[in-house]
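So the structure is just underneath, and the comments pick up after that.
Below, read A as the first sequence line, B as the second, and so on, with proteins coming before strands; counting in each chain starts at 1.
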There are 2 protein chains.
Amino acid sequence: MARYGKEHKQATRRRIIEMAGSRLKRDGIDGSGVATLMADAGLTNGAFYAHFDSKEDLVASTVADQLREQRERYSGQSLEEIVRGYLSIQHRDDTEGGCPSAALLDEIARSSDSVKRAYTDGQVAIIDDAAARLAPDDPQSARAQTIGVFALMVGTLQVSRALADRRLADDVLEQGIQNALALLGAEQRVSPSSCLK
Amino acid sequence: MARYGKEHKQATRRRIIEMAGSRLKRDGIDGSGVATLMADAGLTNGAFYAHFDSKEDLVASTVADQLREQRERYSGQSLEEIVRGYLSIQHRDDTEGGCPSAALLDEIARSSDSVKRAYTDGQVAIIDDAAARLAPDDPQSARAQTIGVFALMVGTLQVSRALADRRLADDVLEQGIQNALALLGAEQRVSPSSCLK
DNA sequence: CCTGTAATATTACGACCATCAGCCAATTAG
DNA sequence: CTAATTGGCTGATGGTCGTAATATTACAGG
């Protein structure tokens with residue numbers, strides 16, 4: 001048995017998922033058809049259902065893969081490097097190569113539970129990694145803080161991408177960096193910002 | 001002439017746009033068909049093109065209308081009220097009645113220039129309103145600060161909506177409130193006046 | 001030369017955006 | 001008091017594209 005090397009189908013599946021990552025982030029979930037996704041991988045639509053149960057199945061797998069890749073990329077970077085890279089002009093102008101959350105988050109929110117579950121698991125892993133580096137002694141608090149900063153970055157990137165005014169869009173990124181670093185720095189100090197309750 | 005009063009067509013157009021606001025936020029732009037949007041307004045698909053040049057035209061008009069409505073709603077609220085309302089569980093669980101940015105931002109980013117322009121204009125108006133209340137003496141700095149906090153809120157709401165874990169999603173909202181108020185408070189501290197409000 | 005796998009090609013069927021001929025009620029003209 | 005006109009709408013229709021399923025072909029290795 002195993003006329004084709006056992007890794008052949010696996011490799012094809014991986015290729016589909018990786019290509020789908022770029023395509024989905026570029027054109028959106030509803031904006032990407034199965035035939036196009038398969039063509040990106042050099043295949044035709046008919047082969048799709050030998051690899052995935054449904055489009056939704058592919059989306060969930062792709063979201064998981066994208067977050068896994070993002071997690072690996074961040075593992076070698078400091079938090080400040082992550083922030084500055086994330087809120088860079090290059091990242092804003094590279095939707096298809098960038099953060100899956102920024103590209104797909106409100107479509108994921110509208111998706112089925114399986115997609116949301118894949119998103120949740122992948123995102124929590126990223127957050128936990130970052131939180132461990134921020135404050136290894138207080139993981140609970142660091143986790144909340146980290147996810148808050150991450151949400152800030154996602155929203156900032158999305159706003160910057162949606163604005164038609166380039167100058168304003170750049171300013172938004174800059175402000176986002178300031179805010180993210182301020183929140184990370186504030187966490188390391190013990191003093192709460194006294195002004196409001 | 002005019003079997004209908006002069007304001008009849010205008011009223012129909014408004015009804016379409018208002019209904020489209022809910023539908024687009026609920027199902028997304030790509031997820032909402034023209035026939036469905038018209039049915040929501042009690043009409044059939046054929047009448048659509050007497051009111052709009054294209055679906056894109058409706059989307060741009062709807063985005064503008066949604067932001068106008070949001071701006072009016074915020075005009076009677078303090079910044080802290082806005083933050084707490086925006087990042088409330090009720091708002092998270094009411095996508096179709098809530099913030100258009102949180103529901104549609106990454107689809108808007110993929111949309112045509114006319115849609116992005118409508119978004120930019122409407123959003124800037126909201127930001128300028130809020131900035132004027134935050135620091136009337138330094139509008140330039142307040143504007144940057146306000147848009148930064150707004151982006152934080154949008155990202156936080158989206159993340160909370162996309163998470164499959166309810167408890168975690170609630171924590172994200174709470175953390176978002178803390179962060180938003182901290183950023184507003186930090187800005188406020190520059191001026192000797194009192195805390196938020 | 002078989003056997004089973006992976007892919008292609010084709011098909012079904014519905015939804016999509018957009019167009020257009022025609023209906024219907026009310027106003028206006030003759 | 002008809003008859004023509006008009007505005008807003010319905011209903012049907014293209015033509016394309018969507019997901020999913022199926023029949024068929026190419027091919028690898030014992």
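The CE atom of B:Met38 sits 15 Å away from the C1' atom of C:dC16 (whole-angstrom rounding). Rounded to an integer number of Å, the gap from B:Asp57 CG to C:dC17 C1' is 14 Å. As rounded to whole Å, 9 Å separates atom P of D:dG18 from atom CG of A:Leu37. To the nearest angstrom, C1' of C:dT19 lies 14 Å from CG of B:Asp53. Here C:dA26 presents its P atom at 19 Å from NZ of B:Lys9, a figure rounded to the nearest Å. Across the protein-nucleic acid pair, A:Phe48 atom CZ and D:dG18 atom P stand 13 Å apart, rounded to whole Å.
B:Thr12 has no side-chain polar atom (N or O) that falls below the 4.0 Å cut-off from OP1 or OP2 of D:dG8. An OP1 or OP2 oxygen of C:dA6 is reached within less than 4.0 angstrom by no side-chain nitrogen or oxygen of A:His51. Between B:Tyr49 and C:dA18 there is a side-chain N or O to OP1 or OP2 distance below 4.0 Å.
Taking a 6.0 Å sphere around CD of B:Glu81, one finds it holds more than 12 heavy atoms contributed by other residues, nucleotides or ligands.
Taking every side-chain heavy atom of A:Ser54 into account, D:dA20 is the closest of D:dA20, C:dA7, D:dC9. Across C:dA7, D:dG8, D:dA20, the shortest atom-to-atom separation from the side chain of A:Ala47 is found for C:dA7. Listed nucleotides D:dC9, D:dA20, C:dC17 differ in distance to B:Lys55; the shortest reach to its side chain belongs to C:dC17. Among D:dT19, C:dT19, C:dA7, the nucleotide with an atom closest to any side-chain atom of A:Leu43 is C:dA7.
The hydrophobic clustering, which links ILVMFWY residues whose side-chain heavy atoms are closer than 4.5 Å, places A:Leu24 and A:Leu67 together. The cluster map of Ile, Leu, Val, Met, Phe, Trp and Tyr, joined by side-chain heavy atoms under 4.5 Å apart, puts A:Val159 and B:Ile82 in the same cluster.
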- A:Arg68 vs A:Glu72, salt bridge (Lys or Arg N to Asp or Glu O under 4.0 Å): CA-CA, chis, key distance, verdict: CA-CA 6 Å; A:Arg68 194 159 36 233; A:Glu72 285 167 17; 5.6 Å; no
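Side chains of A:Asp94 and A:Gln90: no donor on one and acceptor on the other come within 3.5 Å.
In terms of position along DNA chain C, the nucleotide closest to A:Ala50 lies nearer the 5' end than the nucleotide closest to the other residue of the pair A:Asn45 and A:Ala50.
Residues of residues 18-33 of chain B that place a heavy atom closer than 4.0 Å to DNA chain C, in numerical order, are B:Ser32, B:Gly33.
In this structure, CZ in B:Arg23 is found 14.5 Å from CD1 in B:Ile29, a value given to the nearest 0.5 Å.
Distance alone, capped at 3.5 Å, is enough to place a donor-acceptor pair between the B:Asp106 side chain and the A:Leu105 backbone.
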